[in-house]
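Each chain gets a letter, A, B and so on, in the order the sequences are listed, and its residues count up from 1. In this text, all values refer to a predicted model and were calculated from it rather than measured experimentally.
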Number of protein chains: 2
Amino acid sequence: MSEAGSLVVVGLGPGTAEWLTPAAADALARATDLVGYGPYLDRAPMRPHQRRHASDNRVEVERAAMALDLAAQGRHVAVVSGGDPGVFAMAAAVFEALDGGDSRWQAIEITVEPGITAMLAAAARSGAPLGGDFCAMSLSDNLKPWETIVQRLTAALNADFVISLYNPISSARPWQLGEALKLAGTIRSADTPVIFARAVGRPNEAITVTTLDNAHSESADMSTLVMIGASTTRLIPRNNERPYVYTPRFYGGGR
Amino acid sequence: MSEAGSLVVVGLGPGTAEWLTPAAADALARATDLVGYGPYLDRAPMRPHQRRHASDNRVEVERAAMALDLAAQGRHVAVVSGGDPGVFAMAAAVFEALDGGDSRWQAIEITVEPGITAMLAAAARSGAPLGGDFCAMSLSDNLKPWETIVQRLTAALNADFVISLYNPISSARPWQLGEALKLAGTIRSADTPVIFARAVGRPNEAITVTTLDNAHSESADMSTLVMIGASTTRLIPRNNERPYVYTPRFYGGGR
């Protein structure tokens, strides 16, 4: 029987190596096997004798099971994930597979290396839109009913959280973002700042700051993070540049 | 008239240099002046000719104004912040000061360098508790009314978000966390997983996983992040170690 290996779920951050933590770089370097979606694997430096197992972007739990199998065979496996692995990414899929899964997986040492998630990168590029209380939601109704998304979004809008929408749109989910923006328009005012942050930290980065009444789902694609401001979120105009967006830390009578 | 300088708000991450991004390290190295709370400044490597301006932890807007003044004089200023500067930290304070502030500040180039925020570090150490939709709230009622906090917390609990509580307790705010946990107990079940993540990434790191009916505010201090699971958050027991905590990505009928 071979000694149990290890599995680390590694967050690569949003794209640039400048946002990859030393701990994550180290975890990639020490792994005997890298498992993940092809474009993420391409971001890890090549190492001699390191095996790469590229997969499609959709089969998270199967990919996790494959990684756990490798680790159970004594390999040291890094499952790579964009952004932070714990935020709408691979970490939950690994624990879903582990929970009630193959008993040989129980001896594997499993760790998670955090990364800069898209919401934090988008916020940093925009100013400080997350200065107040905020929430993050996946707009994908592949894994939860659309009614749950509507309920949560309504609650977050009424409670005046800044809202980050992950997975806003895809060819298979073309209308959900439009509905979400329409719902937001029934609760927040028309001039509420909205940020479309596309491919932050990558060469094709594009950030747009607009208002809720001018926000259209066509401005987003699969690699866009959409952020809807709270009632207190403000713009600071700049010459020849998009405005800064920030949410003050104080609220109501609380300054 | 001197040329305008620059100001970058730098996220140091939760503590260890292993979680400091190369971009943040670079920003610290290039600055002529470092501004921030003393213990954060101590985490930046000393550089010849670099000036350090340590301040108390409470005077965020005054500290931001001082940093903006230095930048307006042509200095290249790094305002240092623990975790991510955009999450309950210094970035919002800088934009609050800028907004309607001294007109000489308008020419300053202001940027933000993201960091690993405490919530992501705590989640990584625990498993994948943020696998579903989540929100982050500051429990401090210094800057917003307690009624707002109660409303938001109630909304987040009813909408079944995983909830991260920043600034849960301090000597000046001893009872708020107890009230928040009590409120959570009226909406979520007694066996809901709760994580107390203290000083993650620092030598005195301590993480406790408990349940809502056993969660007591005495388990938290100023450097603790408290995370309350959703109804779907689960534990995976381990031998001789605290259990993994994770929230599946699927919800309701949505698998």
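In this structure, chain B has a heavy atom under 4.5 Å from the side chain of A:Tyr246, while its backbone stays farther away. A:Met90 does not touch chain B: none of its heavy atoms, backbone or side chain, sits under 4.5 Å away. Of the two parts of B:Thr247, only the backbone, made up of N, CA, C and O, holds a non-hydrogen atom closer than 4.5 Å to a non-hydrogen atom of chain A. Contacts between A:Tyr244 and chain B at a heavy-atom distance below 4.5 Å involve the side chain alone, from C-beta outward. Within the 4.5 angstrom heavy-atom criterion, atoms from both the backbone and the side chain of A:Ile110 approach chain B. With a 4.5 Å cut-off on non-hydrogen atoms, B:Ala136 touches chain A through its backbone and its side chain both. In this structure, no portion of A:Asn158 lies under 4.5 Å from any heavy atom of chain B.
Here A:Arg249 contributes atom CZ and B:Phe88 contributes atom CZ; the two are 11.5 Å apart, rounded to the nearest 0.5 Å. The line from CZ of B:Phe134 to CE of A:Met137 is 11.5 Å long, rounded to the nearest 0.5 Å. Note that CG of B:Asp84 and CG of A:Leu130 are 7.5 Å apart. Values are rounded to the nearest 0.5 Å. Rounding to the nearest 0.5 Å gives a distance of 11.5 Å between CG of B:Asp133 and OG of A:Ser164.
Below 30°, between 30° and 60°, or above 60°: for A:Phe161 and B:Phe161 the angle between ring planes is between 30° and 60°, a tilted geometry.
At a heavy-atom cut-off of under 4.5 Å, chain A is reached by B:Ala17, B:Glu18, B:Trp19 from residues 6-19 of chain B, listed in order of number. Interface residues of residues 225-242 of chain B toward chain A, defined by a heavy-atom distance below 4.5 Å and sorted by number: B:Arg234, B:Ile236.
Comparing A:Ala128, A:Ala124, A:Ala159 by how many heavy-atom pairs each has under 4.5 Å with chain B, the most go to A:Ala124.
Enclosure of atom CZ in A:Arg202 by more than 12 non-hydrogen atoms of other residues, nucleotides or ligands within 6.0 angstrom is indicated.
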